[in-house]
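Please read all numbers here as calculations on a predicted model, not as lab measurements. In listed order, ligands and their atoms are each counted from 1.
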Amino acid sequence: MTEAAECPAQPIVDRAVAPEGLLAWEHQRFGRVTNELGLDPATVCALHCAARSLIVELPLIRDDGSMAVFTGYRVQHSTALGPAKGGTRFRPGVALDDVTALARLMTWKTALHGLPFGGAKGGVDCDPRDLSPRERHEVTRLYTLAILPTIGPDVDVPAPDIGTDEQTMAWMLHAAAEAGHRDPAIVTGKPVLLGGSLFRAASTGVGVAHVAQRAWEHLGGTIAGARVAIEGFGSVGYWAAAELHDRGARIVGVGDITGAIVDPAGIEPAEVRAWITAGNDLVDFPRADVVDGPVLGVDCDIVIPAALEGTLTDEVAARLCARLVVEGANGPTTPAAERVLRERGIPIVPDLMANGGGVISSYFEWAQNHQRMVWTETDERRRVLARLDRTWESLAAEAPVRWRDHALGLAITRITDAMALAGSVVSNHSGIGT
Ligand code: GLU
C-alpha cells in the first residue's frame, strides 16, 4: 500500500504537471475554481490530496497455463462527506494518474448531488476482451481480495465503470463474502438477485437523457424532434439513446470503436443494440450509413460523448455542428476543446452534472441494502430524476459558460465546509464551521 505523497507547498494551480491527460485537465479546472473561490493554499492542498492510493499486483494463471501479472489500483480521494464511492474500470493502460483524476471527479460529483459519499476510483490494467470468462472472474477475485482491507459499506463502495458490469460486481461481492465480509452494500451495481436495485443498470444513461432534455429546453429547444448524436454505445450511450428516443428525440448518429453510423431519419436504439448483442459490429448495422471520422461531427442539435475521456478534442470541437454538448462520459472534453466551444458559443453540460444519475442510483441501492428494502423501479427512477432536477436547478441559474466551474465550485464549497466542521482545514469558503 502506498500513501499518495502529493501535497504542494503552494497553490495547486502553480504546480508543474504533465501537460495533457485527465489528471492535468482536472488539475487546471480545480486550480481555476479554487483560485476563484479564494481558498488558501493549505486548504487547496488538503482538498486535492488523495486520502489513500493503493497499487496491487494480480498474478493470474491463464487458461493455457502461462502466467500474467496485472496491476490494479484503488484511489480513495476523499471521505469528507461519507464513505468513498466510485467505479472500477478494467481497461488496457489504466494507470495511477487517471484513476486519481477519476477519484477526484467522483468526490466532486457526489458532493454536487448532495450524496453522503466521498470519491474513489479503481481499475485494473487489463483488456477484458482478451480474457476468458474464467480469467475475468479470477482477475476480479484477486483484485477484490487485494483491496478488501480498504473497502467496505461504510469505508469505500466500488461500482461498475468502463469494462466492468453487474457480473463483475457479483464476483466482487462473492469474493468479499468468502473472505468473511458478507454484506450486499459492499458494492453497488450488482445484479438485482443479489441485492442490486431495479433502476441501477439504466440509471446513468437515463439520467444523461433527462439532463440533456432539461438543458436543451433551457436553451429554448424542444426534445421532440431534436437531433442527437451519441459517441459510445455501452451502458451509458445505449440507455441515453433509448430514453431520448422514447422522449421523441431523433438519434441521428451513433459511434463506437468500430466506427460511426448515421441516419438523418433516425436510428432505432433497440435495433442497434440487438444487432451488437448478436455479435455484430456497430459499423456493419444495415439500416444506416457509415461516416468517416467521429460521430460527434455529424449534423445534429445535441452531441453526447459517452465513451472515453478526451475524445472531444479541439479539432473535433472546431467541426461540431451541434448546439449543445452533454458529457455522458467522465472527462470527454479537453480544456483546449472547451476554449473552442466557448468561442463558438456552444454550451457544455459537465460530466459531474450530466452523468450523476449512476452514482445517485448507487446511493439508493446502498441505502436499500442498509434498510433491507427493495424499492420499485418506478420509485427509484422518480427519486433519481428528482435529485438530478434539484442539482440542475442550481446550475441552470448560471450562464451556460459557467456551468462547469459553478458545479465544481458548489462541490468544493460543500467539501470544504465539511472539512472545516470536522476540524481538518482551518478556513473555508462559505464560513460554515469557522
Ligand atoms: N462509474 C460511475 C461514475 O463514474 C458510477 C460510480 C458509482 O456508482 O459509484 O459515476
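Ring centroid separation for the pair W375 and F199 does not come in under the 6.0 Å cut-off. Checked against the 6.0 Å centroid threshold, W392 and H210 do not count as a close aromatic pair.
For S361, no heavy-atom contact with ligand 1 is shorter than 4.0 Å. When heavy-atom distances to ligand 1 are checked against a 4.0 Å cut-off, N330 comes that close only through its side chain, counted from C-beta outward. For E365, no heavy-atom contact with ligand 1 is shorter than 4.0 Å. Residue R89 does not touch ligand 1, judged by heavy-atom distances below 4.0 Å.
Nearest protein heavy-atom neighbour of atom 9 (O) of ligand 1: K85 NZ, 2.7 Å. Protein heavy atom at the shortest distance from atom 5 (C) of ligand 1 is R200 NH2, 3.5 Å. Atom 1 (N) of ligand 1 has D161 OD1, 2.8 Å as its closest protein atom, hydrogens excluded (heavy atom only). Scanning the protein for heavy atoms near atom 7 (C) of ligand 1, the closest one is A159 CB, 3.3 Å. Annotation: atom 10 (O) of ligand 1 to nearest protein heavy atom, K109 NZ, 2.7 Å.
Checked against a 3.5 angstrom limit, the closest N/O atoms of N355 and ligand 1 fall outside it.
Closest non-hydrogen pair, H245 versus I267, comes out as CD2-O, 4.1 Å.
In this structure, a donor-acceptor pair under 3.5 Å is present between the side chains of H48 and E26. T107 and S78 share no side-chain donor-acceptor pair at under 3.5 Å. Side chains of D97 and T100: a donor-acceptor N/O pair is absent below 3.5 angstrom, by distance only.
Among R383, E393, M353, the one residue that satisfies the side chain to side chain contact (heavy atoms under 4.5 Å, CB included) test with L388 is M353. Checked options T140, D161, D127; the residue passing with F90 is T140 (criterion: side chain to side chain contact (heavy atoms under 4.5 Å, CB included)).
The shortest separation from a heavy atom of G189 to ligand 1 is not under 4.0 Å, leaving the residue out of contact.
Near M106, meaning under 4.0 Å from any of its heavy atoms, are these atoms of ligand 1: 3 (C), 4 (O), 6 (C), 10 (O). Short contacts between ligand 1 and G86, defined as distances under 4.0 Å to a heavy atom of the residue, involve ligand atoms 9 (O). Close contacts between ligand 1 and G87 involve ligand atoms 1 (N), 6 (C) [criterion: under 4.0 Å to a heavy atom].
Between R214 and D389 there is a salt bridge, with a side-chain nitrogen of the basic residue lying less than 4.0 Å from a carboxylate oxygen of the acidic one.
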